[in-house]
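The shown structure was predicted, so the numbers you read here are calculated from the model rather than taken from an experiment.
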Amino acid sequence: MKKRTKTIIAVIAGAAILIGGIWMINESRYPNVPAFDDHFTREFLNKDKKVDDGFYEFKSKTGQYTMWFPEEYQVLHKNREDYAINNNSYESWWAVYNEEVEGKTQANYIKSEFSTSNPADEDIHVEALFKRRFGSSTPKEIDTPQTRIYYQSAYIYFKGTEKQVILDENKHAPNTYLGYVADKSSNRILQISFDGSDKHENDDKEKRRAGIIKVLKSIRFNGEKI
């Protein structure tokens with residue numbers, strides 16, 4: 001009986017070691033960055049396609065668009081409002097990156113919403129979107145072969161319950177960027193915002209802006225129209 005018990009224990013231990021070894025091998029196949037540490041975030045990313053320093057290709061579960069995704073972020077999924085999808089016509093998600101700023105942990109967020117909109121109403125929607133967020137509709141525009149991009153930045157904070165917006169970057173570095181990306185060949189759009197830490201050095205400001213512009217320009221809608 002004792003011999004049989006020892007045999008069973010040995011088999012279990014051997015199986016555990018084997019499973020653990022397989023798990024370690026599988027894990028080693030992924031890049032050693034925060035995005036791939038989260039199993040849900042992995043579902044969107046191509047581990048073999050590092051598109052630029054610090055970015056991997058992100059593919060929407062709708063199959064309607066791809067974009068560059070910063071490797072330090074993770075897509076949230078614990079709460080129902082973190083991630084939502086409706087077939088191939090709608091998808092929204094939040095991603096977060098926690099960083100140490102002056103000894104404190106501060107969260108940086110990306111909020112993305114894919115949907116459709118009548119191109120004839122684009123000017124109206126763009127004006128309303130940026131005016132609602134910044135109190136002013138003066139977005140910069142970027143034209144690519146595939147998309148029309150509108151974006152604006154500001155430093156946003158609250159004094160009590162009243163939102164304060166500083167658009168002049170000479171007065172304060174932005175902590176919020178908002179982009180509206182429209183597909184030139186269909187009615188598909190992607191609204192995406194970047195909300196960051198309050199503290200940024202000048203070098204960080206320029207690096208952050210450059211990274212966000214890269215993400216906006218990277219958005220590609222697929223060839224099939226909804």
Side-chain angles (χ1 to χ4, degrees), residues 34-35 41 44 51-58 60 65-76 82-83 91-101 105-115 117 122-123 125-144 146-158 163-183 188-221:
T41 306
F44 299 88
V51 288
D52 195 12
D53 187 31
F55 296 92
Y56 286 85
E57 184 184 66
F58 174 102
S60 163
Y65 71 92
T66 60
M67 60 178 279
W68 291 8
F69 188 86
E71 64 183 17
E72 66 270 23
Y73 281 79
Q74 295 182 343
V75 179
L76 298 173
D82 291 337
Y83 179 80
E91 182 185 48
S92 68
W93 50 265
W94 286 86
V96 65
Y97 158 53
N98 294 312
E99 67 172 334
E100 292 295 320
V101 179
T105 300
Q106 296 199 44
N108 299 273
Y109 291 98
I110 299 175
K111 172 68 170 72
S112 175
E113 184 176 42
F114 166 78
S115 61
S117 179
E122 185 170 294
D123 290 344
H125 292 319
V126 168
E127 180 179 3
L129 174 66
F130 287 93
K131 194 167 186 177
R132 181 172 65 249
R133 190 69 179 273
F134 298 109
S136 171
S137 181
T138 56
K140 297 179 177 63
E141 297 183 31
I142 300 174
D143 190 73
T144 77
Q146 297 86 17
T147 61
R148 290 181 298 275
I149 301 170
Y150 307 86
Y151 77 97
Q152 191 170 357
S153 63
Y155 178 72
I156 298 178
Y157 68 102
F158 285 86
K163 184 168 75 170
Q164 307 292 317
V165 180
I166 299 177
L167 294 168
D168 187 349
E169 294 188 9
N170 293 319
K171 294 181 178 179
H172 205 294
N175 63 355
T176 299
Y177 290 79
L178 176 62
Y180 181 104
V181 183
D183 183 21
R188 292 169 294 188
I189 63 168
L190 188 71
Q191 297 179 41
I192 186 166
S193 63
F194 306 81
D195 297 285
S197 303
D198 290 342
K199 305 292 185 181
H200 289 291
E201 299 295 335
N202 287 333
D203 290 345
D204 291 336
K205 178 181 71 175
E206 296 306 321
K207 182 179 179 181
R208 180 173 172 77
R209 185 204 313 280
I212 289 170
I213 296 301
K214 282 183 179 182
V215 171
L216 294 175
K217 287 184 175 180
S218 76
I219 294 168
R220 295 286 184 274
F221 298 94

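Atom CG of L216 sits about 9.0 Å away from atom OG1 of T147, to the nearest 0.5 Å. Residue S117 holds its OG atom at 12.0 Å from CG of D183, rounded to the nearest 0.5 Å. Remark: H125 NE2 to L129 CG distance equals 10.5 Å, nearest 0.5 Å. If you take NZ on K140 and OH on Y150, they are separated by 15.0 Å, rounding to the nearest 0.5 Å. Considering OG of S92 and CZ of F114, their distance stands at 12.0 Å, rounded to 0.5 Å. Summarising the geometry, atom CG belonging to L167 is positioned 5.5 Å from atom OG belonging to S136; distances are rounded to the nearest 0.5 Å.
When side chains are defined from C-beta on, I213 counts as touching I142, because their heavy atoms get closer than 4.5 Å. In this structure, the side chains of F221 and V181 come closer than 4.5 Å at one or more pairs of heavy atoms. With contacts defined as side-chain heavy-atom distances shorter than 4.5 Å, the pair F194/V215 qualifies.
Applying the side-chain contact (heavy atoms from CB on, under 4.5 Å) rule to E127 yields the partners S137; only residues at least two apart in sequence or on another chain are considered. Listed by chain and number, the residues in a side-chain contact (heavy atoms from CB on, under 4.5 Å) with Q164 are Y157, K159, E162 (sequence neighbours excluded). Residues passing the ring pair (Phe, Tyr, Trp, His ring centres under 6.0 Å) test with F55, sequence neighbours excluded: W68. Applying the side chain to side chain donor-acceptor pair (under 3.5 Å) criterion to D195, with sequence neighbours excluded, gives R133, T176. Under the side chain to side chain donor-acceptor pair (under 3.5 Å) criterion, D143 pairs with K184, not counting sequence neighbours. T66 meets the side chain to side chain donor-acceptor pair (under 3.5 Å) test with no other residue; sequence neighbours excluded.
Applying side-chain contact (heavy atoms from CB on, under 4.5 Å) to V51 and the options M67, E57, K214 leaves one that passes, E57.
Counting only N and O atoms by type, the side chains of T138 and Q152 include a donor and acceptor under 3.5 Å apart. No side-chain N or O of T41 forms a donor-acceptor pair with one of Q74 less than 3.5 Å apart. Using modelled atom types and a 3.5 Å distance limit, the side chains of E122 and Y180 yield no donor-acceptor pair. Looking only at atom types and distance, the side chain of E141 has no donor-acceptor partner in the side chain of Y151 under 3.5 Å away. No hydrogens or angles considered: a donor-acceptor pair under 3.5 Å links the side chains of E99 and N108.
Enclosure of atom NZ in K111 by more than 12 non-hydrogen atoms of other residues, nucleotides or ligands within 6.0 angstrom is indicated. Taking a 6.0 Å sphere around CG of D53, one finds it holds 12 or fewer heavy atoms contributed by other residues, nucleotides or ligands. Atom OH of Y83 has more than 12 neighbouring heavy atoms from other residues, nucleotides or ligands inside a 6.0 Å radius. The 12-atom threshold is not exceeded at NZ of K131, counting heavy atoms of other residues, nucleotides or ligands nearer than 6.0 Å.
Taking the ring centroids of F44 and F69, they lie at or beyond the 6.0 Å cut-off. Between F58 and W93, the distance from one ring center to the other falls under 6.0 angstrom.
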Open item on the list: The test is side-chain contact (heavy atoms from CB on, under 4.5 Å); show your working for S112 and Q191 and say whether it passes.
Closed with: CA-CA 6 Å; S112 175; Q191 297 179 41; over 6 Å; no
